Amino acid sequence: MTSNFIRHIIEQDLHSGKHAGRVQTRFPPEPNGFLHIGHAKSICLNFGTAQANDGRCNLRFDDTNPEKESQEFINSIMADIQWLGFSWSGEIRYASSYFEALFEFALQLIRAGKAYVCSLTPEQAREYRGNLTSPGRESPYRNRSIKENLDLFIRMRAGEFSDGTHSLRARIDMASPNINMRDPVIYRIRHVEHHQTGAQWPIYPMYDYAHCISDAIECITHSLCTLEFEDHRPLYDWILQNLDKSSLHAASDGVTTEAEYVLPRQIEFARLNINYTVMSKRKLKELVIQGFVNGWDDPRMPTLSGLRRRGYTPASIRNFCERVGISRSESVVDVGMLEHSIREDLDRSSPRAMCVLRPLKVTLRNYPQGASETLILPCHPKETSMGARELPFGRELFIDAADFEEVPPPQYKRLSPGAEVRLRGAYVIRCEEIVKDASGQPVELICSYDNATLGVNPQGRKVAGVIHWVPAGEALDVEVRIYDRLFSKENPDDKNGGDYKECLNPDSLLVMTGCKAEPSLRTALPEASFQFEREGYFCVDRLDSTADRMVFNRTVTLRDSWAKISS
RNA sequence: AGGGGUGUCGCCAAGUUGGUAAGGCACAAGGUUUUGAUCCUUGCAUGCGUUGGUUCGAGUCCAGCCACCCCUGCCA
């Protein structure tokens with residue numbers, strides 16, 4: 001476990017006794033889309049930090065903008081977190097369940113002269129805000145009396161005003177070089193139903209206002225978020241510091257005594273980027289809505305539900321996140337790192353099987369007509385505890401067309417005319433004749449087998465190549481979906497390259513039908529992973545696979561040093 | 001032009017009082033192997049954005065410069 005700056009901060013806090021040894025984090029998604037692997041980094045960080053320090057981690061839906069949110073997303077987020085292997089502390093939290101408290105705190109700010117109702121239109125407000133280099137101007141409503149502000153704000157809540165006519169603003173500093181401090185809006189009027197609170201509220205708090213108070217209510221000690229919120233930290237602190245601390249404590253879930261009640265600290269870290277994919281919810285949503293992929297859980301998507309369907313395991317994703325680390329520098333992680341993580345896990349855990357993607361018939365002419373035998377193959381080369389499976393062997397087989405070359409390139413170890421190759425777990429065969437169709441394509445290989453080579457190497461010669469095969473009669477007809485990266489450019493977000501959708505990889509999905517799988521696969525359950533020997537890791541599609549038409553998704557290929565040599 | 005950040009090997013990333021650059025991925029070369037897989041061994045930054053300075057000694061301290069990222073939603 002490599003160290004990082006957040007672990008350092010927590011160690012220091014633990015050492016100084018800042019929170020009396022307490023570590024409380026939270027994962028605060030907005031339910032406006034599916035979780036992706038970038039969220040996994042945050043989940044692992046937040047839940048992992050709590051776990052490592054005997055602390056707790058809440059799941060809190062940051063649901064302050066009902067227009068974009070829905071219960072469907074809440075459900076998927078909960079499922080994904082559990083699938084990843086984490087469990088939140090206590091009940092699920094919602095920022096919306098703090099609406100009443102949030103309203104009371106707003107009243108408190110107004111009474112202290114720290115907030116006012118502004119009646120500028122959104123357009124005017126933008127104009128008054130100034131820009132990056134010039135300061136803003138104070139709103140003409142900035143000096144309304146406390147009494148008037150109270151009256152107006154209460155009427156806002158009562159639903160007397162239409163959307164956008166008024167807003168509640170924090171009274172900070174219109175000349176601040178930090179634009180977030182130029183009297184930020186903390187409440188807006190929105191006459192829309194909320195997925196949790198229904199039609200109860202015509203006003204909704206803004207993120208900056210709701211988030212810090214929600215943290216304080218939940219007695220969060222370390223509020224971990226991504227770098228883009230760095231500029232918001234002064235506002236986060238301002239709001240909490242301008243509220244009466246004992247009233248915050250009173251509204252909190254009461255874990256600590258008054259003396260121990262410490263305000264949460266926001267700490268930012270760099271978000272995860274991976275090459276050959278996009279990581280913004282907006283773009284992922286666009287891919288779904290415009291039909292470039294088949295839903296949020298399309299196996300090509302970097303969403304957790306997509307990765308799951310692709311065959312990624314929770315452990316592989318957790319290991320990946322650990323490997324990538326936490327820092328404050330923006331970076332782009334090579335997708336090879338993710339692939340390494342899943343290969344590492346699946347190599348250890350998945351049983352081996354054979355499946356021929358592009359069947360080429362092989363007839364063993366010296367194998368007795370009508371005869372057959374049953375071979376026993378181990379399910380894993382190292383893990384003997386995984387047992388063995390049976391495989392029928394006979395005169396007619398299928399091998400993969402990719403394992404035969406009529407004119408073999410240098411160093412070729414597979415089958416070619418006159419050459420010998422080992423059938424995995426079975427005999428050594430020699431290719432003696434090629435049967436071709438009208439166009440000259442090989443359709444069948446007539447071979448001989450050496451019946452002295454079952455389980456032993458041939459005498460006096462070395463057979464270096466080993467290829468996979470299935471029995472022709474008993475093989476299962478299956479569909480195999482070959483997935484590749486969704487984008488063909490390393491950085492789809494690169495503005496110079498035009499719209500990110502222009503570099504979608506046209507070959508990101510290849511559906512192969514008529515593939516031949518060994519019969520032991522018949523009982524494979526949805527989501528089960530296998531290594532199809534010499535091909536890669538595949539899983540049974542959890543949604544589309546049926547007993548009479550099994551569907552396997554390619555999770556990732558095996559490392560392929562031959563591909564490097566041969567090209 | 002203002003504010004906030006970041007720059008250590010092709011990609012991530014450690015480096016906590018200045019003492020002479022962890023680890024992972026990738027890559028390369030060997031070895032084992034009935035998966036050209038796995039596994040094992042070895043190699044891979046006299047260099048830490050850059051230029052100066054302080055010091056016996058600097059990735060770590062100081063100053064200047066350069067590059068890149070974020071900020072002008074009543075989004076989060």
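Note that this is a predicted model, so its numbers are computed, not measured. Chain identifiers are assigned alphabetically (A, B, ...) following the order of the sequence lines, protein sequences preceding nucleic acid strands; residue numbering begins at 1 within each chain.
Close to B:G15, at under 4.0 Å from its OP1 or OP2, lies a side-chain N or O of A:S3. Contact check, A:R323 against B:A26: no side-chain N or O comes under 4.0 Å of OP1 or OP2. At B:G36, none of the side-chain N or O atoms of A:R414 fall inside 4.0 Å of OP1 or OP2 (strictly under the cut-off). The side chain of A:K564 contributes an N or O atom lying less than 4.0 Å from OP1 or OP2 of B:C27. When the side-chain nitrogen and oxygen atoms of A:S327 are compared with OP1 and OP2 of B:A14, none of them lie within a distance under 4.0 Å. Between B:A13 and A:T2, no contact under 4.0 Å exists linking OP1 or OP2 to a side-chain N or O. Using a 4.0 Å cut-off, some side-chain N or O of A:R129 falls inside it from OP1 or OP2 of B:G73. Between B:G36 and A:S566, no contact under 4.0 Å exists linking OP1 or OP2 to a side-chain N or O. Here A:H232 does not reach the OP1 or OP2 of B:C70: none of its side-chain N or O atoms lies under 4.0 Å away.
Using a 4.0 Å heavy-atom cutoff across all strands shown, A:E535 reaches no nucleic acid atom at all. No contact: A:V556 has no heavy atom under 4.0 Å from any strand. Using a 4.0 Å heavy-atom cutoff across all strands shown, A:L132 reaches at least one base atom of the nucleic acid. Using a 4.0 Å heavy-atom distance criterion, A:Q12 is classed as making no nucleic acid contact. As judged by a 4.0 angstrom heavy-atom cut-off over every strand, A:R352 is placed among the base-contacting residues. Looking at heavy-atom distances under 4.0 Å, A:R343 makes no contact with the nucleic acid at all. Heavy atoms of A:V428 sit nowhere under 4.0 angstrom from any nucleic acid atom. Backbone-only engagement by A:D347 is indicated by non-hydrogen atom pairs under 4.0 Å involving sugar-phosphate atoms exclusively. When heavy atoms are screened at a 4.0 angstrom cut-off, A:I467 is found touching no nucleic acid atom at all. Base engagement by A:F229 is indicated by at least one non-hydrogen atom pair under 4.0 Å involving a base atom. Within 4.0 Å (heavy atoms only), A:G455 reaches at least one base atom of the nucleic acid. Across all strands shown, A:L120 has heavy atoms under 4.0 Å from base atoms, whether or not it also approaches the sugar-phosphate.
The nucleotide B:U34 finds no pairing partner, because no Watson-Crick or G-U wobble arrangement with both distances shorter than 3.5 Å includes it. In this structure, B:G7 forms a base pair with B:C66, meeting either the Watson-Crick or the G-U wobble geometry with both donor-acceptor distances under 3.5 Å. The partner of B:G19, taking Watson-Crick or G-U wobble pairs whose two distances both stay under 3.5 Å, is B:C56. Pairing for B:G2 goes to B:C71, judged as Watson-Crick or G-U wobble with the two contacts each under 3.5 Å. Figure legend. B:U41 is base-paired to B:A29; pairs are counted as Watson-Crick or G-U wobble with both atom distances under 3.5 Å.
Residue A:H194 forms a ring pair (Phe, Tyr, Trp, His ring centres under 6.0 Å) with just one option from A:F99, A:Y94, A:F61, and that option is A:F99. A:F161 pairs in a side-chain contact (heavy atoms from CB on, under 4.5 Å) with only one of the listed residues (A:I203, A:V117, A:I189), which is A:I189.
In this structure, A:F404 and A:V362 have side chains that are not in contact, with every pair of non-hydrogen atoms separated by 4.5 Å or more.
Evaluation of A:Y207 against the base of B:A76 yields no stacking contact (centre distance < 5.5 Å, interplanar angle < 30° required).
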Requested in this report: Show your working on salt bridge (charged side-chain N to carboxylate O under 4.0 Å, His left out) between A:E218 and A:R60 and close with a plain yes or no.
Outcome: CA-CA 10 Å; A:E218 294 176 19; A:R60 178 170 77 232; 3.0 Å; yes

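Remark: A:D403 engages A:R534 in a salt bridge, criterion side-chain N to carboxylate O under 4.0 Å. Salt-bridge annotation for A:D347 and A:R352: present, with a side-chain N of the basic residue lying under 4.0 Å from a carboxylate O of the acidic one. Between A:K68 and A:E30, none of the side-chain N atoms (NZ, or NE/NH1/NH2) sits under 4.0 Å from a carboxylate O, so this pair counts as no salt bridge.
Base orientation at B:G73 is syn, since its O4'-C1' glycosidic dihedral falls within 90° of 0.
Per the geometry, CG belonging to A:D208 stands 12 Å off C1' belonging to B:C74, to the nearest Å.
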